[in-house]
Each structure stands twice: as structure tokens, then as C-alpha cells.
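What follows is a short report on a single structure.
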Amino acid sequence: MRTVEWVDGRVRIIDQRALPWELVLVEYDDYLDVARAITDMVVRGAPAIGAAAAFGMALAARQFDANNRQELLRYLQEAQALLVKARPTAVNLKWAVNKVMKAGSSEALFRVEDIRNEMLRAAKRIANQDVKANRRMGVYGAALIKDGDTVLHHCNTGALATVDWGTALGVIRTAHQQGKRFHVLLDETRPRLQGARLSGWELTEAGIPFEIIADSAAGHFMRTGKVDLVLVGSDRTAANGDVANKIGTYSLAVLAKENGIPFYAVVPTSTIDMSLPSGEQIPIEERTPDEVRSPYGMALVPDEYPVRNPAFDVTPHRYVTGIVTENGIAYPPYEVNLPRAVEGSLAQELEEEDLPYTHEQLSLFDDLDA
Ligand code: MRU
């Protein structure tokens, strides 16, 4: 089952707020409800919210009873503006919504019905390509994990954060599928605990051994030689390789460098924002203080205690050992190698060196484009 899917004219989403206790599915036929679901984190994770918003656009195209092309496109521009604002940091949201809007705005489409069909096709393509990108990143990234390793992971970057399979957790899944034996330390990821609740659930389902640690324990495990590799995802990566990701990622990266541990971000090219020269320009979402004061309704401190709650931070590229994309692993200098990853010219070069996979193995995932 996919995290986000189009089923019988509706968008079906796994409600991530209910996990790990219950697997609840919600269905929407109004794009405004999809926007709310993104803001309220019914669905979260950069690629998952991109796909949800793409289907939201497809819904918007259907729910408005337009008389002609102009009328429909005007309505869709409002939907586009609203969906893009649902969460500010993950660039996949803007990327996906704009892609679907562009598909529907083609001059070649005159009839309202043709615009609707084209937008739905574009949304489905985004969802399928996300799965394919994750499977490819899994193959590239799994080469970084050795038998006996302990991998430290932050937040949830798995099937739930994407359409299926996952980014950093997708690498972990692939390595497990390849028969490698290794251990995972999951940062619990305060304040919303995506690491403990969602990554814990996914690794349990997949039979991958793990232990949850308090975020503040990560440094202890790194300094005492218990961590061989740090893997994280990203919500937006700038052209220079600065990585915005779940709050706490920056501290992990600095600790990893101090302790000589490789730190990799696993980032589909849909998450790379080549329009931003550095991470300084990435908008950082600040969420409600209630998430810190009373996570999931459990009051930890009085309501009047002041709180700051940035949801993301930026890790400067000097702390990032490499960036795993669906087109190969980019290493510094990122100004040179990220554009090659985005264009797709990186993989061939890397494959000519000694990476343990071939074009043929990667083409196994081509059918997902259909
Ligand atoms: O606030 P969230 O849960 O949406 O944040 C998610 C993350 O930070 C993930 O690491 C990121 O989306 C990349 S994983 C696909």
C-alpha cells in the first residue's frame, strides 16, 4: 500500500498521526482538505507531501464545475497558491504543484475534460517517479553500508515520508534486502517523534533490527565508537549542497565530523532547489509551541511556558560527506556535482569506477514510470 494514492477519484492517505498504534486511511475529494492534511501532518515527509499536493491539484481540477478552459485555469491558480503555502520548507510541495499546473496549462489542451485528465496523469507520474527514485537511491546508497555496521538515522525518511520505499530509510531497506547484517539507531526526533513512532513502525514491519535513542544520546554513541554511518533525508537541498532537514540534523552532522563518521544525505533530485545558491535562503517552518509543551496532547509543562519550535535546520555542506541521489552519489565540490546529479550525467561516471551495480540492475525499476 502506498502512503499517498489515487483511488476511485479520491486521494487516499495513511494518517501518520495514528501510527504506530493504528493504521488509519483517510480519503479526500476536496483539495482544501488535502492542504489541511499537509499542514496538520496527517501526511508528512517532503516527497509524500509533494505527491499529496499533486493529487490535490488533480482534485481541484475536478471539483470545480468550469464552463471553459480560462475559468478552470483561474480556479486552479488559486488552488496552486493555497497548496504551496501548506508547508514552507519542503521544496517538493512547490515543485510538484507547479509541475501539475504546468501540465494542465498546456496550450494544446482546449477542453476542460482534457485538462483534468492531463493533470491527473501528471500527478500519477510524480508519484510513480518518486517510487522509482527511491529504489534507485536505495541501490546507490546500500553500497555505503557494510556488514556489522551501526547506522544512525534521524526522523522518518521511509515509505511513510515518500510515496513508497523511502530515501535514507529506503537505503536501509535495500541493504537489508541484499542480506546485509547491520543495526540501526533511531533518533526519537523530538518534538513530534517521527523517528520513534514512524521509523520504529516501519523497521518493525520490515524486520530490521533497531533501537530507539533519545536525540541527546546521539553524541554519546558517536564518541564511544558505536556509530559507523549517519543517514538522513532532506526537505530542501540548495545548489551548494547545504541540506535542510528535520531539526536536530545539524547537530548530528557536526558531531559526525568531530568523530570522523561519514554523514550522508539521501535526496531525490525533486528535493534539490537549484534556484537557491545556499541554505541561507531556505525558509524554516516554525510550528506551534504546543508540539513541544504537550506532544500528542500529553502536557509536559504549563501552557504559559514560552517555547520556540523550529521544525527544520540547515546543515552547511562542509559537514556533508556525500549526497545520494537517484542518479548517483554526489561528492564535493557540490557546485559541480549536484548539477550533474540533477541532469543525470553523474551516474555513468560513477559506474565506470567500481560501484557494485549496473545500468541493467537499475533498469529493473523502469516499469514504475508507466
Ligand atoms: O516535519 P516532517 O516530518 O515532514 O519532516 C520530515 C523530514 O525532515 C524528512 O527527513 C524529510 O522529509 C526527508 S525524508 C523523505
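This one's a predicted model, so the numbers in the text were calculated from it and none came from an experiment. Indexing begins at 1, ligand by ligand and atom by atom, following the structure's order.
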Worksheet item: Can you tell me which residue and heavy atom of the protein come closest to atom 5 (O) of ligand 1, and the distance to 0.1 Å?
Response: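 In this structure, atom 5 (O) of ligand 1 has K246 CE, 3.3 Å as its nearest protein heavy atom.
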Heavy-atom distances under 4.0 Å are what count here, so tell me which part of [X] touches ligand 1: side chain, backbone, both or neither.
X	result
T157	both
M41	side chain
A46	both

Answer yes when [X] and [Y] have at least one side-chain N-carboxylate O distance shorter than 4.0 Å, and no when they do not.
X	Y	value
E326	K132	no
E118	R121	yes
D273	R236	yes
D29	R10	yes

Fill in: Aromatic plane relationship, Y319 with Y250 - under 30° parallel, 30 to 60° tilted, over 60° perpendicular
perpendicular
Enumerated ligand 1 atoms positioned under 4.0 Å from heavy atoms of [X]:
X	value
Q194	1 (O), 2 (P), 3 (O)
P47	15 (C)
F312	1 (O), 5 (O), 8 (O)
A161	15 (C)
T167	14 (S), 15 (C)

Discussion item. Just checking Q178: does its CD atom have more than 12 heavy atoms from other residues, nucleotides or ligands closer to it than 6.0 angstrom?
Written reply: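 Atom CD in Q178 is packed in, count exceeds 12.
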Worksheet entry | Non-neighbouring partners of R69 that pass side chain to side chain contact (heavy atoms under 4.5 Å, CB included), sequence neighbours left out | L73, I115
Does ligand 1 have any atom sitting under 4.0 Å from a heavy atom of [X]?
X	answer
S234	yes
R192	no
A311	no
R87	yes

Discussion item. Using heavy-atom distances only, which candidate in D235, D313, V243 approaches atom 11 (C) of ligand 1 most closely?
Written reply: D235
